[in-house]
Amino acid sequence: MIRVDGRTLRCADVVTAARTDGPLGIDVSIAALRAAEHAWKLAEDLSTRRVVYGRTTGVGANKDDTVESSREHGLRLLRSHAGGSGDEMPPGQVRAMMLIRLNQLLAGRSGISPELIGALAEAVRTGALPLVHRLGAIGTGDLAPLAETALALTGERAWVGGNVPPVPVHAGDALAFMSSNAATLAEATLAAMRLDTLTRASHAIAALTYVALDGNPEAYATPVHEARPHAGQVACAAEMRRLLGMHQTPKPGRRIQDPFGLRAFPQVQGPALDAIHYLRDVLAVEINASTENPMISTVHGDAYHHAHFHTAYVSTALDQARATVHQVAELSVARLGDLVEPEFTGLRPFLAAGPSGSSGVMILEYVAHDALTELRQAALPATLGTAVVSRGIEDHASFSTQAARAATAACSAYQQVLACELVAAVRALRMRDADLVDLPVRDAYDTAASVLDESVDDRPLTDDIAAAVGVLDSLARI
């Protein structure tokens, strides 16, 4: 049961909603509904006494055009803005978007009618999915997808699955419903949580490679990281010590210094851990935030015009997370290169086991570098551009929408990189008949080995890579 009260929604709740195909258990706060109704009544009253953007005026460059606050004006706004294009938005993202938007509206500052809130809550509860398109936002409000959603609630647009009884659009509802980045926040949250899982899984994979390569434990020792105690770096080193059973500084490995893939792992993984933690903190604020412009304040009895639709916090946090994860993925590819090198493993080149000239896992490097290149493209900053729209009135954009899409692409590429390293690490450990019995990382080995083909003959590794991707969530929990 997910509590929806405008204050306490969690990123994990958003993931649950995205993964729930069908009815979703939600507990809608009665107090929040009453507060939202109070704001609606105040907004209706304010519209008779003062200028209120989007209610008594047009929007964008039409802000100085006086209009009659009416249902007809609201419907015109929704119809004109429901111009989304491109592919349909994935169902999971639509479900997550609707939950986030419902929660934001229950923060009680939108001035939206209780009927529309109730219809949205019913759609979330029953699993009804409106037809929403992917394109139509630049990080200053997801106008197109939310307009499409609102028109479905009024009965004017199609539903992909299920439906709810149509409700009327009251005066002022249109802009109040659209004034949010809920679709962008949905994709950003799902990507952030996936990146969190993948970075946790990468600890176990790096630890398996460490054992396969007879790594030097000094790089993870407590005194080393106490000397430069960045939070993520310290956490990474501690996790490696835990997985490798290093309760105290062990004796040196067979090399005085390992390659950077092992030796610099905490220093490179640390910034990624910190960036993802910060991204999750930003999203936790955003999914519980009142972003509607104007904001209706029942405490102060007035409407405030502002720029909460601008999502620079989200876009810059996403850019940072993708950039740091790319560096971590580079280390994974570097460790894969070490695993196919006899100097480090004591095994044959490419972990081959057949006749002379056998290729073993040679192809994994090509797959990993291909995926790494995709990740590199996804890691390029989205915030370095801007847009000037609506006749120059809206003269800056965060492009958080595009940053979130890039984060989704980064997740897909990163998990392929990790899977390639995992396949090679498990094969190396099998060929060495490594003794992992007393190490916590043994659980990671057993989990991966149970789904990876034991054959070391030259053969297609496509299924192995897919199976390795499939166990990453399990490795993250070890």
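Only heavy atoms go into these numbers, but all of them, side chains included; no hydrogens, no water, no symmetry mates.
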- [ ] Output, in order, the C-alpha distance, side-chain angles, deciding distance and verdict of side-chain contact (heavy atoms from CB on, under 4.5 Å) for Gln320 and Leu279.
- [x] CA-CA 9 Å; Gln320 182 183 20; Leu279 173 59; over 6 Å; no

TODO: Ignoring hydrogens and angles, tell me if any N or O in the side chain of Ser412 forms a donor-acceptor pair with the backbone of Ala409 under 3.5 Å.
DONE: no

Task: Atom pair CD (Gln93) and CZ (Arg405), whose distance is rounded to the nearest 0.5 Å - done: 8.0 Å

TODO: Measure up the His308 and His306 rings against each other and bin them: parallel (under 30°), tilted (30 to 60°), perpendicular (over 60°).
DONE: tilted

TODO: Run the numbers on Glu37 and Arg34 for salt bridge (charged side-chain N to carboxylate O under 4.0 Å, His left out), then give the verdict.
DONE: CA-CA 5 Å; Glu37 182 176 7; Arg34 288 172 180 165; over 6 Å; no

Open item on the list: In the structure I gave you, are the side-chain heavy atoms of Val28 and Arg125 within less than 4.5 Å of one another anywhere?
Closed with: yes

Task: Identified side-chain contact (heavy atoms from CB on, under 4.5 Å) partner of Phe177 from the options Ile117, Leu77, Leu120 - done: Leu120

- [ ] Provide the closest heavy-atom pair for Thr20 versus Pro23 in the form atom of the first, atom of the second, distance.
- [x] CG2-O, 3.3 Å

TODO: Report yes or no: does Thr199 contribute a side-chain atom to a donor-acceptor pair with the main-chain N or O of Leu273 at less than 3.5 Å?
DONE: no

Open item on the list: Would the distance check show the side chain of Arg157 and the main-chain N or O of Ala152 forming a donor-acceptor pair, the cut-off being under 3.5 Å?
Closed with: no

- [ ] Mark yes or no for whether Asn288, through its side chain, and Leu9, through its backbone, hold a donor-acceptor pair below 3.5 Å.
- [x] yes

Task: Intermediate values then yes/no, side-chain contact (heavy atoms from CB on, under 4.5 Å), Leu105 and Glu292 - done: CA-CA 9 Å; Leu105 292 173; Glu292 300 83 14; 3.8 Å; yes

TODO: Identify the heavy atoms of Leu135 and Ala144 that sit nearest to each other, and give their distance.
DONE: O-CB, 4.4 Å

TODO: Would you name the heavy atoms of Leu452 and Ala468 that are closest together and state the gap between them?
DONE: CD2-N, 4.2 Å

Task: Least distance between heavy atoms, Thr401 atom then Ala137 atom - done: OG1-CB, 3.6 Å

TODO: Check for a donor-acceptor pair, side chain of Asp319 on one end and backbone N or O of Pro381 on the other, with a separation under 3.5 Å.
DONE: no

Task: Heavy-atom side-chain contact between Val132 and Met97 under 4.5 Å - done: yes

Open item on the list: Quick one: does any side-chain atom of Ser179 pair with a main-chain N or O of Ala176 as donor and acceptor, under 3.5 Å?
Closed with: no

TODO: Using a 4.5 Å cut-off on heavy atoms from C-beta on, say whether the side chain of Val94 contacts that of Met98.
DONE: yes

- [ ] Check whether the side chains of Ser47 and Thr56 place a donor and an acceptor atom closer than 3.5 Å, and report yes or no.
- [x] no

Open item on the list: For Tyr313, is the OH atom crowded, meaning more than 12 foreign heavy atoms sit under 6.0 Å from it?
Closed with: no

Task: Heavy-atom pair of closest approach, residues Ala275 and Thr324 - done: CB-OG1, 3.6 Å

Task: Residues which pass salt bridge (Lys or Arg N to Asp or Glu O under 4.0 Å) with Glu156, listed by chain and number, not counting sequence neighbours - done: Arg79

Open item on the list: Less than 3.5 Å apart, any donor N or O on the side chain of Arg194 or Gln415 sitting next to an acceptor on the other?
Closed with: yes

Task: Close side-chain approach of Val160 to Glu88, heavy-atom, < 4.5 Å - done: yes

Task: Pairwise side-chain contact, Asp464 with Leu364, heavy-atom cut-off 4.5 Å (strictly under) - done: no

- [ ] Supply the atom-to-atom distance Leu106 CG to Arg101 CZ, rounded to the nearest 0.5 angstrom.
- [x] 10.0 Å

Open item on the list: How long is the straight-line distance from CG of Leu146 back to CG of Leu175, given to the nearest 0.5 Å?
Closed with: 11.0 Å

Open item on the list: For the residue pair Glu286 / Thr311, report whether a side-chain donor-acceptor contact shorter than 3.5 Å exists.
Closed with: no

TODO: Tell me, yes or no, whether the heavy-atom count around Phe260 atom CZ, taken from other residues, nucleotides or ligands under 6.0 Å, exceeds 12.
DONE: no

Task: More than 12 heavy atoms from other groups under 6.0 Å of CG on Asp446 - done: yes

Open item on the list: Within a 6.0 Å radius of atom CG on Asp281, are there more than 12 heavy atoms belonging to other residues, nucleotides or ligands?
Closed with: yes

TODO: Determine whether more than 12 heavy atoms belonging to other residues, nucleotides or ligands lie under 6.0 Å from atom CZ of Arg109.
DONE: no

Open item on the list: To check you understand the geometry: which heavy-atom pair defines the closest contact between Leu318 and Ala407, and what is its length?
Closed with: CD2-CB, 4.0 Å

Open item on the list: Quick one: does any side-chain atom of Thr16 pair with a main-chain N or O of Ala12 as donor and acceptor, under 3.5 Å?
Closed with: yes

Task: Tyr53 backbone acceptor or donor facing His305 side chain under 3.5 Å - done: yes

Task: 4.5 Å side-chain heavy-atom contact, Ile276 and Val325 - done: yes

Open item on the list: Parallel, tilted or perpendicular, judged at 30° and 60°: which one describes the rings of Trp40 and His170?
Closed with: perpendicular

- [ ] Before giving the answer on side-chain contact (heavy atoms from CB on, under 4.5 Å), spell out for Val59 and His81 the whole-Å C-alpha distance, their side-chain angles and the decisive distance to 0.1 Å.
- [x] CA-CA 11 Å; Val59 298; His81 283 74; 3.9 Å; yes

Task: Inter-residue atom distance Ile205.CD1 - Leu243.CG, 0.5 Å rounding - done: 11.0 Å

- [ ] Report, as yes or no, whether the 6.0 Å neighbourhood of atom NE2 on His277 holds more than 12 heavy atoms from other residues, nucleotides or ligands.
- [x] no

Open item on the list: I need the Gln267 CD to His230 NE2 distance, nearest 0.5 Å.
Closed with: 9.5 Å

TODO: Using the salt bridge (Lys or Arg N to Asp or Glu O under 4.0 Å) rule, collect all pairs that involve residues 169-183, keeping only residues at least two apart or in two chains.
DONE: none

Task: Phe309 side chain near Thr140 side chain, heavy-atom distance below 4.5 Å - done: yes

Task: Side-chain donor or acceptor of Arg322 paired with backbone N/O of Ala378 under 3.5 Å - done: yes

Task: Student check: side-chain heavy atoms of Phe399 and Thr184 closer than 4.5 Å - done: no

Task: Gap separating the CG atom of Leu331 from the CG atom of Leu336, nearest 0.5 angstrom - done: 12.5 Å

Task: Lys/Arg N to Asp/Glu carboxylate O, Arg200 vs Asp196, below 4.0 Å - done: yes

Open item on the list: Looking only at side-chain N and O atoms, does Thr316 offer a donor or acceptor that is under 3.5 Å from a partner on Thr383?
Closed with: no

Open item on the list: The test is side-chain contact (heavy atoms from CB on, under 4.5 Å); show your working for Leu475 and Leu422 and say whether it passes.
Closed with: CA-CA 11 Å; Leu475 298 189; Leu422 179 60; 3.8 Å; yes

- [ ] Give a yes or no on this: more than 12 heavy atoms of other residues, nucleotides or ligands lie within 6.0 Å of atom CZ of Arg50.
- [x] yes

Open item on the list: Please check this pair: side chain of Arg134 against backbone of Gly86, looking for a donor-acceptor N/O pair closer than 3.5 Å.
Closed with: no

